[in-house]
Amino acid sequence: MQKIVRLLKILQSLQPFQTWNYFLYKLQLQFGMYRKALPVFSDSEIGRFKPLNNPSSEQILPFLLADSINVEENAQKILSGRFFPFSKDTEDFLLLKPQNPELHWTKIHPAEKDDIKQIWEPARFSWMYSLVRAWMVSKNPVYQDYFWKQIHVFYDQNPVYFGENWLSAQESAMRIITLSFCAGFFLQLTLGDDKNLKILKRIIYEHACRIPPTLCYARAQNNNHWLSDAAGLMTAACVLSEARQSDQWFNLGWKEFQKALQHQILPDGMFIQYSTNYHRLMLALVLWVNQLLALKKIDWPVVLKQKIIRSILWLSNHIDFISGCACNIGHNDGSNLFPLGGDYQDFRPVLQALSKLFLGKTIFSPGPYDELRCWFVDQPLSAASAENSGKTQSYLNETVLRIGNDHDWALMQVSGFLSRPAHDDQLNIHIFRNGNYLALDAGTYRYNSLPPWNNGLKTAFVHNSLLINQIEPMSDAGKFLWLDWDQARILRKSDLSVEAEHFAYKKIGLKHTRILERDEGWTVTDQVLPINSPTIIEYNFRLHWLLKDLDFKIQEGDYGWDMITQEFIISVRSAASPMKIFVIRAGVILHASGVPLDNESIQAISGWFSKTYDERIPALSLVITTRSKAPFTIQTKWRFPQ
């Protein structure tokens with residue numbers, strides 16, 4: 001009976017078109033339809049490769065020369081056969097060979113402990129942008145030669161549709177986009193190089209043929225896969241405009257891209273995956289597709305323009321204007337489609353480029369992050385887009401709970417989930433001060449690994465929230481699936497305070513509200529009330545804060561504890577009952593005033609911060625526990641030394 005109930009909940013969490021498309025995908029997979037989809041073609045069917053419009057050197061060079069040391073160092077690292085996967089601080093070998101090049105992609109089933117993203121990352125070719133930047137500065141043919149060499153290596157080591165690098169159509173789409181972008185620059189001196197052009201055209205053609213058969217899978221996911229696949233088809237159609245399927249690819253891709261945006265940009269502008277990094281990826285794909293539409297002289301539908309404007313403004317409200325860092329909300333898989341104009345954590349490049357296009361003005365003052373904007377078409381789309389942005393901004397101001405100023409601000413997450421949540425993080429709080437991320441969101445680290453690192457950071461236990469009776473607010477139904485969605489709503493908002501509630505604990509007769517207030521620092525008040533009437537039952541309360549890694553000391557105060565660091569002082573108070581305090585760094589308890597309630601797996605994932613995929617750095621988990629009846633109030637005060 002439980003399995004039937006769980007299945008019904010899963011079906012309820014999906015829209016009908018998702019269920020239908022997933023059924024089609026599994027049916028065709030079961031009957032071997034995708035093994036029959038090998039492309040059969042002659043070179044004459046592909047036609048010429050047509051480079052996309054490229055910006056002039058005068059637009060780009062000032063940014064590259066200002067960053068010349070990094071430009072040269074990054075390019076030389078790649079020439080030595082090494083790169084920085086997922087934009088991590090640590091480098092790795094640049095290997096393009098899959099583990100199973102003899103297996104058709106339909107026969108590959110990665111084990112739970114094996115992270116296929118490790119294979120996909122170098123084959124996404126994101127590192128090629130560093131070669132383009134270096135070549136634009138020096139015109140040294142060594143960068144050009146290495147670009148073509150690695151294209152040949154990939155082609156030789158990845159037989160068409162065999163091996164892990166063909167498993168996902170999205171990976172094919174990403175490669176089409178990157179190769180099309182970069183080849184346009186490197187072909188400036190080699191348009192007569194038939195050998196390289198032949199390989200380039202075949203790779204793009206074969207990758208484009210990989211996408212349409214499994215579009216039903218992308219639709220079923222209703223996420224960045226759908227957008228990427230559609231953009232990949234449109235790109236192949238533009239650079240292989242003489243190919244037999246060119247018009248079909250573009251029309252299909254454009255139709256699917258529009259449908260995906262309609263489904264995936266939510267009414268408040270948030271992207272459907274509830275992730276700031278996937279939100280950036282969506283906007284980067286919009287930036288790219290705008291380039292393709294400009295080539296075809298096609299305008300954006302008005303309804304999509306307004307959705308995109310909302311999404312630009314939503315993300316800008318989750319960005320620190322000093323550092324460009326975003327609240328690390330939801331899945332963070334290390335994707336940065338166009339690593340031009342800033343490091344991985346800087347979200348300003350894509351926002352600056354799109355705000356100029358869709359709002360008619362830039363969000364940020366001029367800076368190095370303007371580089372990305374200069375690589376693309378930089379003509380505002382229409383006055384109508386910018387005129388309507390005021391209404392959109394007002395709408396967003398009512399739904400994004402951010403207060404403070406550019407130097408000192410905080411944000412509380414509140415979502416009314418319309419699709420699968422990424423993390424169990426309702427009422428999670430982020431705090432930034434002078435460009436420093438102080439109250440952190442743990443991020444992702446890895447999707448696939450041995451427990452507890454198989455997407456373990458999605459849990460509420462590592463977010464800045466209050467838990468009751470060690471109950472996860474939502475039901476964990478798999479690595480990427482939550483059931484019994486924890487909905488929330490805004491109760492009150494002003495310039496100095498916000499209040500919201502969520503409904504996870506109705507099942508045990510309790511109501512949890514959270515108030516975030518701006519005073520001489522920040523005050524966060526958690527209130528738990530019985531829904532009907534007070535009872536004699538006592539509950540276990542657990543308050544968690546994930547903090548920047550700093551030296552600290554703990555002091556006991558009246559009705560609570562103080563945590564003192566060089567950058568901030570946190571005071572936690574509750575008059576209900578005595579509290580215990582624990583500080584965990586990188587999975588190790590550094591301070592404890594009693595016996596912790598958390599199990600070993602929760603302790604292991606505590607005190608970690610993952611700013612990009614496959615990278616975790618130590619942080620501090622401050623855990624306060626107590627046992628009390630309801631009503632119950634616990635208050636956290638943040639104060640900052642002058």
Side-chain angles (χ1 to χ4, degrees), residues 70 73-74 77-78 82-95 110 112-127 129-130 174 224 273 275-281 284 320 323-339 342-347 349 422-423 425 430 432 435-459 461-464 479-480 546-550 584-588 601 603-621:
N70 286 329
E73 286 181 352
N74 291 338
K77 185 71 67 177
I78 292 166
R82 303 182 74 84
F83 79 125
F84 294 92
F86 312 109
S87 302
K88 295 191 298 184
D89 293 331
T90 54
E91 60 190 62
D92 203 348
F93 292 105
L94 182 55
L95 303 176
E112 179 71 19
K113 64 180 177 61
D114 296 329
D115 196 342
I116 196 170
K117 286 180 65 64
Q118 307 286 354
I119 298 174
W120 287 349
E121 179 66 7
R124 276 194 173 185
F125 297 150
S126 297
W127 45 268
Y129 292 99
S130 292
M174 294 289 197
N224 62 93
Q273 287 186 265
S275 157
T276 48
N277 193 56
Y278 280 142
H279 197 123
R280 173 173 63 179
L281 176 58
D320 180 66
S323 65
C325 180
C327 299
N328 198 20
I329 297 171
H331 296 319
N332 187 344
D333 74 340
S335 296
N336 187 11
L337 187 57
F338 300 113
D343 62 26
Y344 174 79
Q345 290 187 282
D346 193 343
F347 280 56
H423 287 183
D425 55 4
H430 309 255
F432 284 79
N436 293 314
Y437 199 178
L438 299 180
L440 306 168
D441 188 304
T444 296
Y445 181 51
R446 285 181 182 170
Y447 295 149
N448 303 292
S449 188
L450 292 174
W453 298 113
N454 51 340
N455 205 21
L457 295 181
K458 68 177 186 174
T459 176
F461 282 82
V462 297
H463 286 87
N464 300 324
K479 188 163 42 180
F480 299 107
L546 185 67
L547 311 169
K548 181 180 177 181
D549 187 23
L550 297 167
I584 305 169
R585 181 184 185 274
V588 177
S601 63
Q603 180 182 319
I605 61 176
S606 299
W608 291 106
F609 174 59
S610 175
K611 62 183 180 180
T612 186
Y613 196 81
D614 196 36
E615 181 175 77
R616 52 180 176 154
I617 60 176
L620 299 178
S621 277

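For Asn464, the side-chain hydrogen bond (donor to acceptor under 3.5 Å, both in side chains) criterion is met by no residue, not counting sequence neighbours. Residues satisfying the side-chain contact (heavy atoms from CB on, under 4.5 Å) test with Ala604, not counting sequence neighbours, are Pro452. Residues satisfying the side-chain hydrogen bond (donor to acceptor under 3.5 Å, both in side chains) test with Asn70, not counting sequence neighbours, are Asp67. With sequence neighbours excluded, the residues forming a side-chain hydrogen bond (donor to acceptor under 3.5 Å, both in side chains) with Thr459 are Glu472, listed by chain and number. Applying the ring-ring contact (aromatic ring centres under 6.0 Å, His included) criterion to His331, with sequence neighbours excluded, gives His423, Tyr447, Phe480. Residues forming a side-chain hydrogen bond (donor to acceptor under 3.5 Å, both in side chains) with Arg585 (at least two apart in sequence, or on another chain): Asp549. Here Asn448 pairs with Asp115, Lys479 under the side-chain contact (heavy atoms from CB on, under 4.5 Å) rule; sequence neighbours left out. With sequence neighbours excluded, the residues that form a side-chain contact (heavy atoms from CB on, under 4.5 Å) with Pro349 are Asp346, Tyr369, Leu372. For Phe125, the ring-ring contact (aromatic ring centres under 6.0 Å, His included) partners at least two apart in sequence or on another chain are Trp127, Phe154. For Glu91, the salt bridge (charged side-chain N to carboxylate O under 4.0 Å, His left out) test picks out Lys77, Arg82, with sequence neighbours left out. Residues passing the ring-ring contact (aromatic ring centres under 6.0 Å, His included) test with Phe461, sequence neighbours excluded: none. With sequence neighbours left out, the side-chain contact (heavy atoms from CB on, under 4.5 Å) criterion links Leu550 to Lys548, Thr565, Glu567, Phe568.
The aromatic rings of Tyr437 and Phe609 sit perpendicular to each other, their planes meeting at more than 60°, with 30° as the lower class boundary.
Within the 4.5 Å cutoff, the side chain of Phe83 has no heavy atoms near those of the Ser130 side chain. Considering only heavy atoms from C-beta on, Asn328 stays 4.5 Å or farther from Leu440 through its side chain. The side-chain heavy atoms of His463 and Leu546, taken from C-beta on, include no pair separated by under 4.5 Å. Considering only heavy atoms from C-beta on, Met174 comes within 4.5 Å of Leu281 through its side chain.
Residues Ala284 and Phe338 share a closest heavy-atom pair of O-CE1, 3.5 Å. Here the closest heavy-atom approach between residue Asn277 and residue Gly334 is recorded as ND2-N, 3.8 Å. When all heavy atoms of Thr444 and Asn332 are compared, the pair lying nearest together is OG1-N, 2.7 Å. The nearest pair of heavy atoms linking Pro110 to Ile116 is CG-CD1, 3.9 Å. The minimum heavy-atom distance between Asp425 and Gly330, with the atom names listed, is OD2-N, 4.4 Å. Among all heavy-atom pairs drawn from Pro122 and Leu94, the shortest one is CB-CD1, 3.8 Å.
To the nearest 0.5 Å, the span separating CZ on Phe432 from OG on Ser323 amounts to 6.0 Å. Taken to the nearest 0.5 Å, the OG atom of Ser87 stands 10.0 Å off from the NZ atom of Lys611. Atom CG of Asp614 and atom OG1 of Thr90 lie 7.5 Å apart (nearest 0.5 Å). The CD atom of Gln118 sits 7.5 Å away from atom CG of Asp92, with the distance rounded to the nearest 0.5 Å. The CG atom of Asp114 sits 9.5 Å away from the OG atom of Ser449 when rounded to the nearest 0.5 Å. Ser126 contributes atom OG, which lies 7.5 Å from atom CG of Asn336 (distance to the nearest 0.5 angstrom).
Checked against Tyr613 for a ring pair (Phe, Tyr, Trp, His ring centres under 6.0 Å), the options Trp120, Tyr445, Phe86, Phe84 give a single hit: Phe86.
One N or O on the side chain of Gln273 and one on the backbone of Asn224 form a donor-acceptor pair closer than 3.5 Å. Side-chain atoms of Glu615 never come within 3.5 Å of backbone atoms of Ser610 as a donor-acceptor pair (strictly under, hydrogens ignored).
Cation-pi check for Arg280 over Tyr344 is met; the charged atom lies under 6.0 angstrom from the ring centroid and within 45 degrees of its normal.
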Output, in order, the C-alpha distance, side-chain angles, deciding distance and verdict of side chain to side chain donor-acceptor pair (under 3.5 Å) for Asp333 and Ser335. CA-CA 6 Å; Asp333 74 340; Ser335 296; 2.8 Å; yes

